Each structure stands twice: as C-alpha cells, then as structure tokens.
Colleague: 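Would you mind keeping the following structure in view while I ask a few things?
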Protein chains: 2
Amino acid sequence: MIADGPKEQAKRAGATIGEFIREQREQAEVSVRQLARLAGVSNPYLSQIERGLRKPSAEILAQIAKGLRISAEQLYLRAGILEFRDGDPELVSAILADEGLGERQKQVLIDIYESFHRENAQLLAAAESEAPETPAAAVDSSPVTTHRNQPHPTPAGK
Amino acid sequence: MIADGPKEQAKRAGATIGEFIREQREQAEVSVRQLARLAGVSNPYLSQIERGLRKPSAEILAQIAKGLRISAEQLYLRAGILEFRDGDPELVSAILADEGLGERQKQVLIDIYESFHRENAQLLAAAESEAPETPAAAVDSSPVTTHRNQPHPTPAGK
DNA sequence: GACTAGTGCTAGCAAAAGCAAGCGCTCAGC
DNA sequence: GCTGAGCGCTTGCTTTTGCTAGCACTAGTC
C-alpha cells in the first residue's frame with residue numbers, strides 16, 4: 001500500500017499532514033490549545049505534529065479529524081495511510097451512476113454540490129478582486145467561510 | 001470516527017486484528033517467518049501481533065496486508081482505523097478528491113450521501129419483508145432494486 | 001546418536017509516540 | 001506599573017512500538 005520508499009513517503013507525509021492540519025485549524029479559526037482540547041490530544045503534541053516533528057498514529061489523526069469536524073479519511077489520505085483513488089473525473093456522473101440512490105436523492109446531492117461550487121467560485125472571485133496581491137490566502141480561507149454561512153440542507157429525499 | 005470507547009475498541013481490535021491476520025496467514029499456508037519476511041516485519045513482532053500483545057501501526061498493517069496479498073483497508077477496518085461506510089467507497093473518495101470543495105463541504109456531502117443510502121437500505125428491507133407473495137410488485141415499488149457494490153470498500157491492492 | 005532446517009516464541013533494548021509541567025511572549029483590564 | 005488569560009513552544013518523562021539475539025521444540029537426513 002505504501003507506494004515507494006516508506007521513509008521518504010513518511011517524511012513527505014509528515015510535512016504534508018502537519019501543514020494540512022494547521023491550514024484546517026486556521027481556517028476554522030481555532031488555536032492550538034482549542035483544537036487540542038476538542039481533539040483530546042495534548043497541545044504541545046499537536047504543535048509538534050503541525051511542525052512535522054512527530055508522526056501521529058491513525059488514532060491521533062482520527063481524534064484530530066473529530067476536532068476539526070472533517071472525516072478521518074481526509075487526514076489518512078494526506079498522511080499516506082490511505083491512497084487517493086483516481087478514476088472518477090466527474091463527480092456528477094458518479095452520483096448519477098450510483099444505483100444505491102433514488103433519482104431525487106441524486107438531484108439533491110447534485111444541487112448541493114453545485115451550490116457549493118458556485119459559492120466557492122463567487123468567494124474566490126470576490127477575494128481576488130479585493131486582495132489581488134494575496135490570491136493563495138484568499139483561496140485557503142474561502143471554502144470554510146462559505147460553509148459556515150450556508151444553512152445545512154436536511155436529507156429529506158424519498 | 002472512533003465510535004465509542006476508544007480503549008475498549010482498541011482492545012477488541014487488538015484481539016480481532018491479530019486473529020484475522022492469523023486466519024489469513026493459515027489460509028495462505030505460510031509460517032510466521034515466511035509472512036514476516038514477505039511483509040518486511042520481524043517475525044517475533046508478527047507473532048506478538050497475532051496474539052494481541054502489540055498494537056501495530058497503520059504502516060505495519062499495510063506491510064502485513066502486502067505480504068498477505070490483501071488490501072490494507074481490510075486490515076484497517078478490523079483494526080478500527082477505518083469505519084465501514086455506507087454506499088460506494090469510490091464515490092466517497094471522489095468527493096474527498098474534489099478540489100473545488102472545502103473540507104467541511106466534503107463532509108456535508110458525504111454525510112448526506114450516506115444517510116440516503118441508509119434510508120434506501122431500510123426501505124429495501126421493509127419492502128422485502130412486506131411483500132413476499134408479490135415479488136414483482138415489490139421490485140417495482142422500491143426506489144432501488146439492486147445495489148451494485150457491497151457495503152465493504154473495494155480492495156485497494158495494487 | 002548428531003546435525004540441519006524450520007517452527008513460534010521470550011527477553012531485553014533502542015527509538016518513537018504522546019503526555020504533563022512549565023517557559024517566554026502578547027494582550028487586555030485595572 | 002501589575003495581574004490574569006491566552007498564545008505556541010521546550011523539556012523531560014513514561015509508555016508503546018518494533019527490533020535483534022537467542023531459546024526450546026519438531027522433523028528430516030545421515
């Protein structure tokens with residue numbers, strides 16, 4: 001499962017996963033201590049993880065994911081525990097092809113997906129017009145801000 | 001992600017994963033030393049894992065999976081690192097890989113997708129229990145008659 | 001019998017993971 | 001000024017992980 005060079009992979013993963021956790025934490029606008037408390041890990045250890053000084057176990061990653069309110073798989077992917085699965089170029093097509101969903105459920109999912117995309121695109125455009133000298137920062141901060149403001153649709157499809 | 005009682009879960013996982021690895025090894029008719037060599041871990045450590053004396057990291061599990069020629073995800077599931085997911089694991093991966101979404105938006109989509117699947121599974125079960133004498137009518141009225149993929153994630157072995 | 005090859009496991013150790021205690025710093029309030 | 005609260009990080013410790021060296025045992029060959 002580990003493609004090649006477990007040591008190199010782990011080293012790259014160490015830098016990647018720590019940066020990713022920090023990004024998510026900053027987007028959520030919580031401090032190291034706050035996230036550590038939410039996640040149930042020690043704050044020095046979280047700090048070390050973010051700086052790539054430690055390689056956390058899957059269990060710790062799951063706890064951090066819980067604190068960040070994201071799925072553990074996302075952290076596993078970036079930590080190299082799971083592999084990205086290529087193959088589906090179009091998410092909409094994949095949704096439509098899923099035989100475990102009713103047609104209306106498919107439409108609900110597609111609508112939500114597309115509305116997320118539209119909002120992200122609008123925020124990205126607005127951020128670029130406001131801050132043309134820092135486009136990376138604008139991209140990083142936009143999706144979470146949008147998600148916060150968007151009311152959750154209830155899964156009512158039948 | 002960890003459902004309940006991380007300590008109890010880990011303890012049960014310790015017994016479960018070790019027994020599972022031993023079963024797979026015995027089915028493959030290889031010795032502890034042979035599998036250890038194939039997997040690139042020490043044979044005493046593999047023996048300890050099988051007997052539940054140690055809790056191996058995801059990296060070690062991935063190596064053992066490679067030696068057993070099974071997917072690492074199977075071992076992760078039994079070790080409690082991954083949880084079973086409703087629906088198509090490839091669709092979940094596609095959502096996670098979509099770069100036009102924020103991480104929390106991805107989580108929202110996955111949650112909704114899974115809840116749809118659970119609803120459909122329940123409706124399918126109810127339809128099958130209600131209409132044993134008219135199977136054709138039950139098939140027509142159910143939103144989804146067949147589910148292509150099993151709830152298990154597909155093996156990612158390469 | 002001795003020897004070899006293989007078996008699973010014990011014991012002890014080094015390295016790594018994860019933690020608690022505490023540091024120096026910044027900021028707000030008095 | 002002082003104090004308290006919060007910040008991220010350092011340090012040292014305990015526990016856990018994963019390993020090496022080696023043991024006792026079995027089976028086969030001479």
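For clarity, every value in this text was computed on a predicted model and none was experimentally measured. Protein chains get the first letters and strands the later ones, always in sequence-line order, with residue 1 at the start of each.
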Colleague: What residue pairs, at least two apart or across chains, pass ring pair (Phe, Tyr, Trp, His ring centres under 6.0 Å) with a residue in residues 91-114 of chain A?
Modeller: A/Y113-A/H117
Colleague: Taking any atom closer than 4.0 angstrom to a non-hydrogen atom of chain B, what span of DNA chain C does the protein reach, first nucleotide to last?
Modeller: C/dT7 to C/dT10
Colleague: List the atom pairs, donor and acceptor, that lie under 3.5 Å between side-chain atoms in residues 39-48 of chain B and the rest of the protein, sequence neighbours left out.
Modeller:
residue : atom : partner : partner atom : Å
B/S42   : OG   : B/Y45   : N            : 3.2
B/S47   : OG   : B/R51   : NE           : 3.1
B/S47   : OG   : B/R51   : NH2          : 3.0

Colleague: Suppose we screen for side chain to side chain donor-acceptor pair (under 3.5 Å). Which residues come up paired with A/E26, at least two apart in sequence or across chains?
Modeller: none
Colleague: Using atom types as modelled and distance alone, determine if a side-chain donor or acceptor of A/Q34 lies under 3.5 Å from a backbone N or O of A/S31.
Modeller: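 Such a contact is found between A/Q34 side chain and A/S31 backbone.
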Colleague: On a plain distance test, is the side chain of A/R33 in donor-acceptor contact with the base of D/dG6 below 3.5 Å?
Modeller: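 There is none.
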Colleague: Let me know the distance between CD of A/Q34 and C1' of D/dG6, rounded to the nearest Å.
Modeller: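 One finds 9 Å between C1' of D/dG6 and CD of A/Q34, rounded.
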Colleague: Taking only residues two or more places apart in sequence, or in another chain, which ones meet B/R118 in a side chain to side chain donor-acceptor pair (under 3.5 Å)?
Modeller: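 Testing B/R118 for side chain to side chain donor-acceptor pair (under 3.5 Å), a comparison that skips the adjacent residues, returns B/D86.
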Colleague: Mind checking side-chain contact (heavy atoms from CB on, under 4.5 Å) for B/I110 and listing every partner two or more places apart, or none if nothing turns up?
Modeller: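 Expected list: B/R85, B/V92, B/I95, B/L96, B/E114.
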Colleague: Among residues at least two apart in sequence or on other chains, which ones pass side-chain contact (heavy atoms from CB on, under 4.5 Å) with A/E103?
Modeller: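 A/E103: side-chain contact (heavy atoms from CB on, under 4.5 Å) contacts with A/K106.
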Colleague: Between C1' on D/dG8 and CD on A/Q48, what's the gap in Å once rounded to a whole number?
Modeller: 11 Å
Colleague: Taking side chain as C-beta onward, heavy atoms only, is A/Q24 less than 4.5 Å from B/R104?
Modeller: yes
Colleague: Over how many whole Å does the gap from B/I81 atom CD1 to D/dT17 atom C1' extend?
Modeller: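 Interatomic distance, CD1 of B/I81 to C1' of D/dT17: 14 Å.
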Colleague: Taking only Watson-Crick and G-U wobble pairs with both distances under 3.5 Å, what dot-bracket line describes DNA chain D, where [ ] shows pairs that cross earlier ones and | shows pairs with another strand?
Modeller: ||||||||||||||||||||||||||||||
Colleague: Distance-only, no hydrogens or angles: does the B/Y76 side chain make a donor-acceptor pair with backbone N or O of A/I81 under 3.5 Å?
Modeller: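 Between the backbone of A/I81 and the side chain of B/Y76 there is a qualifying donor-acceptor contact (under 3.5 Å).
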Colleague: Among residues 36-47 of chain A, which residues get a heavy atom nearer than 4.0 Å to DNA chain D?
Modeller: A/N43, A/P44, A/S47
Colleague: At less than 4.0 Å, is any side-chain N or O atom of A/R51 found next to OP1 or OP2 of D/dT10? Yes or no.
Modeller: yes
Colleague: For the pair made of CZ in A/R54 and C1' in D/dG12, what is the distance, rounded to whole Å?
Modeller: 11 Å
Colleague: Give the rounded distance in Å between these two atoms: CD1 of B/I64 and C1' of D/dC19.
Modeller: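 Taking CD1 of B/I64 and C1' of D/dC19, I get 14 Å after rounding.
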Colleague: Would you indicate, yes or no, if D/dG6 has its OP1 or OP2 atom less than 4.0 angstrom from a side-chain nitrogen or oxygen of A/S31?
Modeller: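 Result: no.
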Colleague: Assess the residue pair B/E73 and B/R78 against the criterion (salt bridge (Lys or Arg N to Asp or Glu O under 4.0 Å)); give the C-alpha distance rounded to whole Å, side-chain angles, the decisive distance to 0.1 Å, and a yes or no.
Modeller: CA-CA 9 Å; B/E73 279 88 347; B/R78 285 176 162 79; over 6 Å; no
Colleague: Within this structure, what is the CD-CG distance for the pair A/Q63 and A/L75, rounded to the nearest 0.5 Å?
Modeller: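 So the gap between those two atoms works out to 11.5 Å.
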